[in-house]
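Here the structure comes first, spelled out in structure tokens, and everything after it is commentary.
Order of listing sets the numbers, starting from 1, for every ligand and every atom in it.
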Amino acid sequence: MKSIVIYNSSTGFTKKYAEWISEEAGCECVNFKKGSKMDLSGYDAVVFGSWSMAGGFTKLAWFKKKMPSLAAAGKKLLVFAVGASPVENPEVDVALRNAFTDEERKIAKIFYCQGGLDYDKMSWFSKKMLKMFAKMIASKKDATEDDKKKAEMISHSYDISDKKYIEPIVAELR
Ligand SMILES: Cc1cc2nc3c(=O)[nH]c(=O)nc-3n(C[C@H](O)[C@H](O)[C@H](O)COP(=O)(O)O)c2cc1C
């Protein structure tokens, strides 16, 4: 199967997952800037990786627009989303449910890979947004212990990425 991984990454977690997938599946891997201009007709499978931002997924609209024609041409479509939330966080499911319609779920398989936060590589704006978000959660009138833990967690860098999350994706490409 000739496959390609196209990824959009800001601080490197999605890029790392894309490279792991391409190494394990033995396929090409390109960033969004290059991949979004490519002719994908020569591939049997297209994998798209996006990072999570404020409950949505960056550049996903671009890929979703392409999905119907790629699916009609018989291509296998896989999407992996990368976020700072641990996989067991219920917000992950909610975000993924909101991001895709039932029709889209029929033509693409969707995966989640937990990433992390890297304040050193983040833009000034991203840093500011996250700091504001952490403050907002912690200062809620009815803030729970979980809210406080979350606010503490997102106020600094961490890496909860793990290669094991690519296993089901790579299995689809074999
Ligand atoms: C402004 C902003 C909003 C974010 N919103 C979410 C979110 O809603 N859910 C989540 O899991 N992670 C969120 N994140 C964390 C990123 O998705 C996470 O750091 C991811 O690993 C970044 O991927 P990248 O390194 O490929 O850019 C947010 C990060 C920033 C900067």
- Please could you name the atoms of ligand 1 that G55 approaches to less than 4.0 Å, counting only its heavy atoms? 7 (C), 8 (O)
- Is any NZ, NE, NH1 or NH2 atom of the basic residue among D159 and K16 found under 4.0 Å from an Asp or Glu carboxylate oxygen of the other? yes
- Message: Can a side-chain donor-acceptor contact be found between D39 and S41 if the only test is distance below 3.5 angstrom?
- Response: yes
- Message: Between W20 and Y165, is the ring centroid distance below 6.0 Å?
- Response: no
- Can you figure out which of G116, G49, G115 has its heavy atom closest to atom 19 (O) of ligand 1? G116
- Distance under 6.0 Å and angle within 45° of the ring axis: does K66 meet both against F48? no
- Task: Below 4.0 angstrom from a heavy atom of T14, which ligand 1 atoms are there? Numbered from 1 as shown, please.
- Result: 23 (O), 24 (P), 26 (O)
- Query: For ligand 1, which part of S52 has a heavy atom less than 4.0 Å away: the side chain, the backbone, both, or neither?
  - Reply: both
- Where does M53 meet ligand 1, judged by heavy-atom distances below 4.0 Å: at the side chain, the backbone, both, or neither? both
- Message: Under a 4.0 angstrom heavy-atom cut-off, which atoms of ligand 1 come close to M129?
- Response: 1 (C)
- Task: Number the atoms of ligand 1 from 1 as they appear, then name those within less than 4.0 Å of a heavy atom of V82, with their elements.
- Result: 17 (O), 21 (O)
- Message: Looking only at protein heavy atoms, which one is nearest to atom 23 (O) of ligand 1, and what is the separation?
- Response: W51 CB, 3.2 Å
- Message: If you measure every N or O of A84 against every N or O of ligand 1, does any of those distances drop under 3.5 Å?
- Response: yes
- Identify the protein heavy atom lying closest to atom 11 (O) of ligand 1, giving its residue, its atom name and the separation to 0.1 Å. S85 OG, 2.8 Å
- Task: Report, in ascending order of atom number, the atoms of ligand 1 lying under 4.0 Å from any heavy atom of S10.
- Result: 24 (P), 26 (O), 27 (O)
- G12: numbered ligand 1 atoms lying under 4.0 Å from its heavy atoms: 24 (P), 25 (O), 26 (O)
- Item | Other residues, nucleotides, ligands: >12 heavy atoms within 6.0 Å of K127 NZ | yes
- Indicate yes or no: does an N/O atom of F13 lie under 3.5 Å from an N/O atom of ligand 1? yes
- Note on the structure: Across all chains, not counting sequence neighbours, the side-chain contact (heavy atoms from CB on, under 4.5 Å) partners of E19 are K15, E23, C29
- Using the six-membered ring of F100, assess whether NZ or CZ of K64 lies under 6.0 Å from its centre and within 45 degrees of the ring axis. yes
- K150/E91 salt bridge by N-O under 4.0 Å criterion: yes
- CZ of F111 to CD of E167: how many Å apart, nearest 0.5 Å? 12.0 Å
- Task: Decide whether an N or O pair under 3.5 Å exists between T11 and ligand 1.
- Result: yes
- Note on the structure: For S126, the atoms of ligand 1 under 4.0 Å from one of its heavy atoms are 31 (C)
- For atom NZ of K149, decide whether the heavy atoms of other residues, nucleotides or ligands shown that lie under 6.0 angstrom number more than 12. no
- Message: Quick check on Y112 - does any of its heavy atoms sit under 4.0 Å from an atom of ligand 1?
- Response: yes
- Message: Taking K2's backbone N and O only, do any of them form a donor-acceptor pair with D44's side chain (distance below 3.5 Å, no angle check)?
- Response: yes
- Distance filter under 4.0 Å to A54 heavy atoms, resulting ligand 1 atoms: 3 (C), 4 (C), 5 (N), 6 (C), 7 (C), 8 (O)
- Message: Looking only at distances, can you tell me whether any N or O atom of N8, backbone or side chain, sits closer than 3.5 Å to an N or O atom of ligand 1?
- Response: no
